[in-house]
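The model shown is predicted, which means the values in this text are computed figures rather than measured ones. Chain identifiers are assigned alphabetically (A, B, ...) following the order of the sequence lines, protein sequences preceding nucleic acid strands; residue numbering begins at 1 within each chain.
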There are 2 protein chains.
Amino acid sequence: MPVSRLTADKKGEPVESTLEARAELFQDAMGFGGLGRDQIEKLAALATLRRFSKGEMVFEQDQPCQYFHLVATGLVKVYICSSSGYRMTYLLARRGEPLNLIGPFTGDPRFLCAEAMQETQVAHIPRHDFVGFVAQNPILFNNIMAILSKAVDSANSRLIDMVEKRVEERLIRVLLTLLDKFGAEIRLTSSELAELAGTTVETTLRTMARLRSLGIIESERGQVKIIRPASLKNPERLPLWV
Amino acid sequence: MPVSRLTADKKGEPVESTLEARAELFQDAMGFGGLGRDQIEKLAALATLRRFSKGEMVFEQDQPCQYFHLVATGLVKVYICSSSGYRMTYLLARRGEPLNLIGPFTGDPRFLCAEAMQETQVAHIPRHDFVGFVAQNPILFNNIMAILSKAVDSANSRLIDMVEKRVEERLIRVLLTLLDKFGAEIRLTSSELAELAGTTVETTLRTMARLRSLGIIESERGQVKIIRPASLKNPERLPLWV
DNA sequence: GCTTTGGTATGACCGTGGTCATAGAGGCTG
DNA sequence: CAGCCTCTATGACCACGGTCATACCAAAGC
């Protein structure tokens, strides 16, 4: 235990990839619009791909940020977990979505974790390379601010939901958000939904039983299917950003 | 009512000020470290001061962002308020603290409000001027990211607190945070504390009664005094960012 | 094959804290 | 001064949802 493994933060296994494939990834990634092809390729040249199996950590809390991460394939959940083991998921990132926009700038450890939910590949760019690149392409700064704006608003909006909305409403909001992003068939377990809605598995199961009995959803092991989205929708309920 | 006052977003009253005084303000403002004196003065030249009485709004939700705001004197609370009137304060800004770091970049309306809690003066910089200035001084990028990092972490940390901590702990955390920032004499009402802790006035009053009976705090109308901070402190309880 | 693990399902219990009601005290205004 | 509003204070009530327990099923592992 006293032997600290300084190299332990190398996560995942390297994957071979072509510059072309990486450029393709950044081309339509979130937050990189407005760059010329030459810049995209410069960025792609800085990146390497790594693969992660289901359940593997892409990065862990309280570790200094070394890389900027962008999902290439698969699905990654980014969450915070408290001292007492409570988890709260606040991002489900798929191809083209960045995992840590802030980290690279400060380099400081924060308390986010990222875990692969499936077989996944993630592009890594050393943080200084990334920050240097952004400095040379100020348009990225605006893009990044736009994304952070949504992230902060979403966090604040959830905060309000936690005080004034009950579990059922929060869960519905989560389901609607997932419907927008992933379609009507949501391949998540109840415990994953619970971590998104900020409640327990039991309450999530109970609430889903109610929605099921109303014919609004169907569910089986590891999957929820929204049958009548209209019954969930409510004009004043804007989706979260997950 | 149908007469929409297009100029109604001009808030507060203009205040005369010298370039020197404004430069002084930006000199030691949060997020502007690392600028040369010439740049500070360029920035100060873009700013104008406005005054607000207690209770006046500096900006309101759902309005496009026109200015970057920096508190010069007084105290401003920034909060979100939900459709049903629930409020959650998430920033108490005093001299040198920015009110809206993200807004100027996107310009989009968000759902933050800012309200003067005392007689207050706020520096305004038109958002395009501000964004242009930041683009010319990339060091500000890093400063801004560092602040946003704290803001996002604080929001997420609160989110976890809402699920797993009870009101007493949340309130204690708020009190400790305020102790760090404003000293042992906290001039806030119970309802203001409630909005910081994410609970109701009644529960806040009850909880404070308990802390008072334990001799940890004293309180009178509009003021709380922390007598024995050590009894509240707990190594694993890091302060919020308010 | 059997065992283990993780997901689903549901009942019972009860504590935290929100809601409503009432009341007094301090401060501001006309 | 009266009148009003805000802040403080506290009691009574009870529902939402967390916790614990049990059970069943499917998939994975030895």
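- Within the 4.0 Å cut-off from OP1 or OP2 of D/dG17, not a single side-chain nitrogen or oxygen of A/Thr203 is found.
- The nearest whole Å value for the distance from the CG atom in A/Asp161 to the P atom in D/dG17 is 12 Å.
- In this structure, of D/dT19, C/dA9, D/dT10, it is C/dA9 that holds the atom nearest to the side chain of A/Leu205.
- Note: CD (B/Glu220) to C1' (D/dA9) measures 16 Å, nearest angstrom.
- The CZ-P distance, from B/Arg210 to D/dA9, rounds to 14 Å in whole Å.
- At distances below 3.5 Å, at least one donor-acceptor pair connects side-chain atoms of A/Thr120 with backbone N or O atoms of A/Gln118.
- A salt bridge links B/Lys11 with B/Glu60: the distance from a Lys NZ or Arg NE/NH1/NH2 to an Asp or Glu carboxylate oxygen falls below 4.0 Å.
- In the helix from C/dG1-D/dC30 to C/dG30-D/dC1, the terminal helix axes, each the rotation mapping four pairs' C1' atoms onto the next four within five end pairs, subtend 40°, rounded to 10°.
- A donor atom on one side chain and an acceptor atom on the other are found under 3.5 Å apart for A/Arg187 and A/Gln223.
- If you measure from atom CD of A/Glu195 to atom P of D/dG18, you get 13 Å, rounded to the nearest angstrom.
- When distances are taken from the side chain of B/Arg221 to each of C/dG17, C/dG26, D/dT19, the shortest belongs to C/dG26.
- A salt bridge links B/Arg87 with B/Glu115: the closest approach of a Lys/Arg side-chain nitrogen to an acidic carboxylate oxygen falls below 4.0 angstrom.
- Judged purely by atom type and a 3.5 angstrom limit, A/Arg170 uses its side chain to pair as donor or acceptor with the backbone of A/Gly198.
- Note on A/Lys181 versus A/Glu97: salt bridge recorded, some NZ/NE/NH1/NH2 to OD/OE distance being below 4.0 Å.
- When the nucleotides D/dG18, C/dT8, C/dG18 are ranked by their closest atom to the side chain of A/Val167, D/dG18 comes out on top.
- Each of C/dG17, D/dG17, C/dC20 was ranked by its minimum atom distance to the side chain of B/Arg166; first place goes to C/dG17.
- Among D/dA21, D/dA9, D/dG18, the nucleotide with an atom closest to any side-chain atom of A/Thr199 is D/dG18.
- Contact annotation: A/Ser190 side-chain N/O to C/dG7 OP1/OP2 distance is not under 4.0 Å.
- In terms of polar N and O atoms assigned as donor or acceptor, the side chain of A/Arg206 comes within less than 3.5 Å of the base of D/dT19 in a complementary pairing.
- Across the protein-nucleic acid pair, B/Glu164 atom CD and C/dT16 atom P stand 16 Å apart, rounded to whole Å.
- A/Met162 places its CE atom 12 Å from the C1' atom of D/dG18, with the value rounded to the nearest Å.
- A parallel orientation is assigned to the rings of B/His124 and B/Phe52, their planes being inclined by less than 30° (bins at 30° and 60°).
- Mapped onto DNA chain C by nearest heavy atom, A/Val163 and A/Gly222 fall at different nucleotides, with A/Gly222 at the one closer to the 5' end.
- Atom CD of A/Gln223 and atom C1' of D/dA26 are 15 Å apart (whole Å).
- Looking at B/Pro14 and B/Arg50, their side chains come closer than 4.5 Å, going by heavy atoms from C-beta outward.
- Where A/Ser191 and B/Glu168 meet DNA chain C, the nucleotide closest to each residue was compared, and A/Ser191 sits on the side nearer the 5' end.
- Between C/dG7, C/dT19, D/dT8, one nucleotide has an atom nearer to the side chain of A/Thr189 than all others, and that is C/dG7.
- Counting to the nearest Å, the P atom of D/dG11 and the CD atom of B/Glu202 are 14 Å from each other.
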